[in-house]
Amino acid sequence: MKIVFSETSKAHKSEIINIIKDFEVKGENIYGGSRNTIKTYDVGDIVINVKSFKIPNLINQLAYRYFRKSKARRSFEYAQKLQELDLGTPDPIAYFEYPSASLFKESFYVSEHLKADYTFRDLTHNFDIPNHEEIVRAFTRFTFQLHENQVLFLDHSPGNTLIKKEGENYKFYLVDLNRMEFKPLSFKDRIKNFARLTDKQSIIETMSDEYAQCLGEDYLKVYQMMWSETQQFQQKFHRKRKLKKKVKFWKK
C-alpha cells in the first residue's frame, strides 16, 4: 500500500488510515455508482470525503502500475495545483494506492468535505434561485480564470462545481478532478469547455455574454460556437443513451 498525505493534514493520519482499512463497512455513503463510491466521515473537528476508485480493467491495471498516475493520485496532485493557483477545490488530504506485485488494484482519494449551497446543476433546473443570473456570470468568470491559468477541466459538467455564498460573493469549488490538462488554450478549447454544462439556451446566452466580455471578443462569435458545441455534445450524449438502452434490451 502507498500512502501520501498533504503536509497540512497529518494530524489525523492514523484515524484516516483505519477508515480506509474499514471502508467497506463504515461511513455514510453519499454516492455509489458502478465505478466509484464516495463516503463521508467525521474526523476530529472536520468532515472528510473518501472517494474509492474501483479496480480497473486488466489493461488499466497494467497502465496504472507502470505507466500512468492513478486517478486517486491525479485527484490529489491536481487539487494541490489548483490551490497553488488560488482556484477553488476542497482541501486535499491524502491518497492511497493498492498495487500488487505486477498489477494495480483499488485506490482512494481523501479530501475535506465541503458543504455547498448549490451545484451548477441546480442552476440549470431552478431558475428561481436568488441572484440566478449573477451566479451564472460569476461562474463564467471562474471558468475564465481556469482558462487564463491554463487549466482545462475535462469533466466540466454540471455536478462537478460546488457553489458557496460567502458574504455578498459566490465561491466555486471543483470536484471530481482526475481528468485535467494544463496547457495554453485555444479559443476553441475554451468555448468547447462549456459544452457539457447545460442545454438551456438562456444560460448559454448569459455565459456567452460574460465570457465574451472577459475575453474581449465579439458576443455573437462566442455564442455561436458555444451553442454549436453544446448541441454537438447533446446529440452525441443522447445517441449513446439510446445505444445503451438497445444493448440492455437485447441482453434481456
Side-chain angles (χ1 to χ4, degrees), residues 30-38 49-54 56-57 60 63-64 68-85 87-92 95 106-114 116 118-125 135-136 138-164 171-186 188-200 203-204 207 211 226 229-241 244:
I30 61 172
Y31 175 82
S34 58
R35 294 179 298 172
N36 308 315
T37 301
I38 303 174
N49 275 357
V50 179
K51 184 172 186 177
S52 166
F53 296 95
K54 298 296 176 63
N57 61 43
N60 281 334
Y64 290 143
R68 297 180 62 198
K69 294 180 180 180
S70 71
K71 292 181 179 181
R73 179 176 175 180
R74 293 201 307 267
S75 298
F76 178 81
E77 293 181 351
Y78 292 168
Q80 291 184 319
K81 176 71 171 177
L82 289 174
Q83 292 195 332
E84 287 171 7
L85 295 170
L87 297 167
T89 192
D91 289 339
Y95 72 90
E106 63 185 339
S107 61
F108 299 84
Y109 172 55
V110 185
S111 62
E112 189 165 357
H113 179 71
L114 182 71
Y118 312 107
T119 67
F120 187 84
R121 177 176 284 114
D122 295 322
L123 300 177
T124 68
H125 294 313
I135 301 172
V136 172
F139 168 81
T140 306
R141 293 192 296 272
F142 170 72
T143 301
F144 176 74
Q145 288 303 315
L146 292 177
H147 297 165
E148 288 293 283
N149 282 280
Q150 301 186 356
V151 178
L152 183 62
F153 183 31
L154 297 174
D155 283 326
H156 204 28
S157 53
N160 287 344
T161 298
L162 309 180
I163 305 170
K164 280 181 66 69
K171 300 290 186 180
F172 302 90
Y173 300 84
L174 299 183
V175 296
D176 201 2
L177 303 180
N178 67 87
R179 295 181 64 242
M180 285 189 172
E181 293 178 5
F182 299 89
K183 63 180 185 179
L185 302 180
S186 68
K188 185 170 183 179
D189 289 334
R190 289 166 174 259
I191 304 307
K192 189 174 182 179
N193 199 213
F194 287 86
R196 298 163 60 104
L197 289 164
T198 181
D199 61 354
K200 302 296 192 300
I203 296 179
I204 297 295
M207 293 193 299
Y211 201 83
M226 194 180 293
E229 293 291 346
T230 297
Q231 289 178 310
Q232 290 178 50
F233 172 78
Q234 290 295 326
Q235 290 166 4
K236 184 178 179 181
F237 174 77
H238 290 295
R239 279 199 302 270
K240 283 184 176 180
R241 288 189 67 177
K244 285 181 180 180

Under the 3.5 angstrom rule, does the side chain of [X] hit a backbone N or O of [Y] as a donor-acceptor pair?
{"X": "Thr89", "Y": "Leu174", "answer": "yes"}
{"X": "Ser157", "Y": "Asn160", "answer": "no"}
{"X": "Arg74", "Y": "Lys69", "answer": "yes"}
{"X": "Arg121", "Y": "Pro158", "answer": "no"}

Who passes side chain to side chain donor-acceptor pair (under 3.5 Å) against Thr230, sequence neighbours left out? none
Atom [atom1] in [X], atom [atom2] in [Y]: separation rounded to 0.5 Å?
{"X": "Glu181", "Y": "Asp189", "atom1": "CD", "atom2": "CG", "result": "8.5 Å"}
{"X": "Thr37", "Y": "Glu106", "atom1": "OG1", "atom2": "CD", "result": "10.0 Å"}
{"X": "Gln231", "Y": "Gln234", "atom1": "CD", "atom2": "CD", "result": "9.0 Å"}
{"X": "Met180", "Y": "Ser75", "atom1": "CE", "atom2": "OG", "result": "9.0 Å"}
{"X": "Asp155", "Y": "Thr161", "atom1": "CG", "atom2": "OG1", "result": "10.5 Å"}
{"X": "Leu82", "Y": "Leu146", "atom1": "CG", "atom2": "CG", "result": "7.0 Å"}

Show the nearest heavy-atom pair for residues Val175 and Gly159, with the distance to one decimal. CG2-O, 4.1 Å
Within a strict 4.5 Å, meaning less than it, do heavy atoms of the [X] and [Y] side chains meet?
{"X": "Ile163", "Y": "Phe142", "value": "no"}
{"X": "Pro92", "Y": "Tyr109", "value": "yes"}
{"X": "Met207", "Y": "Thr143", "value": "no"}
{"X": "Lys71", "Y": "Lys54", "value": "no"}
{"X": "Thr124", "Y": "Leu197", "value": "no"}
{"X": "Phe194", "Y": "Thr140", "value": "yes"}
{"X": "Val151", "Y": "Gln145", "value": "no"}
{"X": "Phe172", "Y": "Ile135", "value": "yes"}

With a 6.0 Å cut-off on the ring centroids, do Phe144 and Tyr211 count as close? yes
For the residue pair Phe139 and His156, is the inter-centroid distance of their aromatic rings smaller than 6.0 Å? yes
Test ring-ring contact (aromatic ring centres under 6.0 Å, His included), reference Tyr95, set Phe108, Phe76, Phe53, output is Phe76
For atom [atom1] of [X], decide whether the heavy atoms of other residues, nucleotides or ligands shown that lie under 6.0 angstrom number more than 12.
{"X": "Lys164", "atom1": "NZ", "value": "yes"}
{"X": "Lys81", "atom1": "NZ", "value": "no"}
{"X": "Lys192", "atom1": "NZ", "value": "no"}

If only side-chain N and O atoms count, and only distance matters, is there a donor-acceptor pair under 3.5 Å linking Asn193 with Glu229? no
